[in-house]
Amino acid sequence: LVATRKSAGAEEGARIARELRTLAPGVPVAECWIAPASLEPVHPGGGGPPPAAGDAVLAVAALADPRPFAENLRERGLAVELASFPDHHPFDAAEAAALLRRAGGRPLVMTHKDAVKLREILPPAVDAWVLRQTVRFTSGEEALLRALDAAVDGALR
C-alpha cells in the first residue's frame, strides 16, 4: 500500500499510514509526498535564471486543488499570487494575454500539465516556468521497491 500526502500534513499522513497498517496487518505500507524539485523554462532553451527565494511570481494552476502547488512554490521561498482555474481548463489566447497582464512583469510559474497547454499560446520571450516535482518517501520505500521488483520479475517469466 502507498499512502501519498497530496495536501495532508506530515502528521495526518503518518496517521493514515498507521491506520493502513492496522487495517492490513502484514502488508507493507510506504508513505510519500510530492516535493518541489526544480523550475524549468516553459519554452525549450528560453528564460534566464529561474525565480529565486524572495521573488514574486504569478502561479498558474488548473487543478482540482491548487493549494499544494502554491505551497510547494512558497516552500522554495517565492512570494506567490495564485491564478487558479478549474481542473483540466482549456486555456485560450485571450486568457494567456490576461495572465501576462495580471503578472505585470513577474514570472509565471505553472504546473506541467498547464505548461503543455500554455506553451503554444504564450510568446517565447515570456518569463514562464514549470515547477517539476518529485516523490519523496518518509517510510517504506525499500518495501515498495522490493514489491515492484517482484512484480516485474513475475511478469517477465
Side-chain angles (χ1 to χ4, degrees), residues 1-20 29-141 144-145 147-148 151-152 155:
L1 298 172
V2 179
T4 59
R5 297 190 281 123
K6 179 182 174 195
S7 58
E11 288 179 21
E12 178 70 4
R15 185 193 63 74
I16 291 168
R18 283 191 307 274
E19 214 170 285
L20 288 172
V29 176
E31 182 187 349
C32 61
W33 60 288
I34 306 299
S38 63
L39 289 170
E40 298 176 9
V42 167
H43 294 100
D55 289 347
V57 300
L58 180 64
V60 179
L63 300 168
D65 182 3
R67 292 172 302 170
F69 170 70
E71 282 307 309
N72 274 342
L73 294 174
R74 288 183 184 105
E75 286 175 19
R76 293 182 65 86
L78 300 174
V80 176
E81 178 188 345
L82 180 61
S84 62
F85 295 83
D87 201 12
H88 303 289
H89 182 72
F91 292 97
D92 62 29
E95 289 168 320
L99 285 169
L100 292 175
R101 284 191 303 277
R102 183 173 172 183
R106 294 173 293 171
L108 296 175
V109 180
M110 61 200 70
T111 67
H112 184 262
K113 77 175 190 170
D114 296 323
V116 168
K117 298 171 192 175
L118 286 165
R119 174 180 292 129
E120 302 301 318
I121 55 178
L122 284 172
V126 166
D127 193 7
W129 301 86
V130 177
L131 176 65
R132 296 289 182 180
Q133 297 175 308
T134 189
V135 176
R136 299 259 192 251
F137 283 87
T138 52
S139 67
E141 180 178 13
L144 176 62
L145 293 175
L148 290 172
V152 169

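Any value given below was found using the heavy atoms of this structure, including those in side chains, with hydrogens, waters and symmetry copies removed.
Scanning for side-chain hydrogen bond (donor to acceptor under 3.5 Å, both in side chains) contacts around Q133 gives an empty result, with sequence neighbours left out. Remark: R119 pairs with no residue by the salt bridge (Lys or Arg N to Asp or Glu O under 4.0 Å) rule, at least two apart or across chains. Under the rule for a side-chain contact (heavy atoms from CB on, under 4.5 Å), the partners of L1 that lie at least two apart in sequence or sit in another chain are L20, A24, V27, V29. Considering only residues two or more places apart in sequence or on other chains, R136 meets the salt bridge (Lys or Arg N to Asp or Glu O under 4.0 Å) condition with none of them. Every residue was checked against the side-chain hydrogen bond (donor to acceptor under 3.5 Å, both in side chains) condition with D55, not counting sequence neighbours, and none meets it. Residues passing the side-chain contact (heavy atoms from CB on, under 4.5 Å) test with E11: none are found, sequence neighbours excluded. With sequence neighbours excluded, no residue satisfies salt bridge (Lys or Arg N to Asp or Glu O under 4.0 Å) with D92. Applying the salt bridge (Lys or Arg N to Asp or Glu O under 4.0 Å) rule to R18 yields no partners; only residues at least two apart in sequence or on another chain are considered.
When all heavy atoms are compared, the tightest approach of N72 to P36 is OD1-CD, 3.2 Å. Closest approach of A59 to F69, counting heavy atoms only: CB-CE2, 3.8 Å. Residues I121 and A93 share a closest heavy-atom pair of CD1-N, 3.9 Å. Of all the heavy atoms in W129 and P49, the pair that sits closest is CZ2-O, 3.5 Å. Across G140 and A30, no two heavy atoms sit closer than the pair O-CB, 3.5 Å. Across every non-hydrogen atom of A37 and R76, the tightest pair is O-NH1, 3.5 Å.
Residue pairs satisfying the salt bridge (Lys or Arg N to Asp or Glu O under 4.0 Å) criterion with at least one member in residues 107-118, sequence neighbours excluded, are listed as follows: D87-K113. Sorted by first and then second residue, the pairs that involve residues 37-46 and meet salt bridge (Lys or Arg N to Asp or Glu O under 4.0 Å), not counting sequence neighbours, are E40-R132.
Put simply, the side chain of L144 reaches to within 4.5 Å of the side chain of F137, judged on heavy atoms. With contacts defined as side-chain heavy-atom distances shorter than 4.5 Å, the pair M110/L122 qualifies. L39 places a side-chain heavy atom less than 4.5 Å from the side chain of L131. In this structure the side chain of V60 reaches within 4.5 angstrom of the side chain of L99, judged on heavy atoms. By the 4.5 Å heavy-atom criterion applied to side chains, I16 and E31 are not counted as neighbours. For the pair L118 and V42, the minimum side-chain heavy-atom distance is 4.5 Å or more. The shortest distance between side-chain heavy atoms of V135 and T4 does not fall below 4.5 Å.
In this structure, CG in D127 is found 11.5 Å from CG in L58, a value given to the nearest 0.5 Å.
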- List the steps, then state whether side-chain contact (heavy atoms from CB on, under 4.5 Å) holds for L100 with L108. CA-CA 8 Å; L100 292 175; L108 296 175; 3.8 Å; yes
Output side-chain donor-acceptor pairs under 3.5 Å for residues 78-85, partner residues at least two apart or in another chain, one line each.
{"from": "E81", "atom 1": "OE1", "to": "R106", "atom 2": "NH1", "distance (Å)": "3.0"}
{"from": "E81", "atom 1": "OE1", "to": "R106", "atom 2": "NH2", "distance (Å)": "2.7"}
{"from": "E81", "atom 1": "OE2", "to": "R102", "atom 2": "NE", "distance (Å)": "2.8"}
{"from": "E81", "atom 1": "OE2", "to": "R102", "atom 2": "NH2", "distance (Å)": "3.0"}

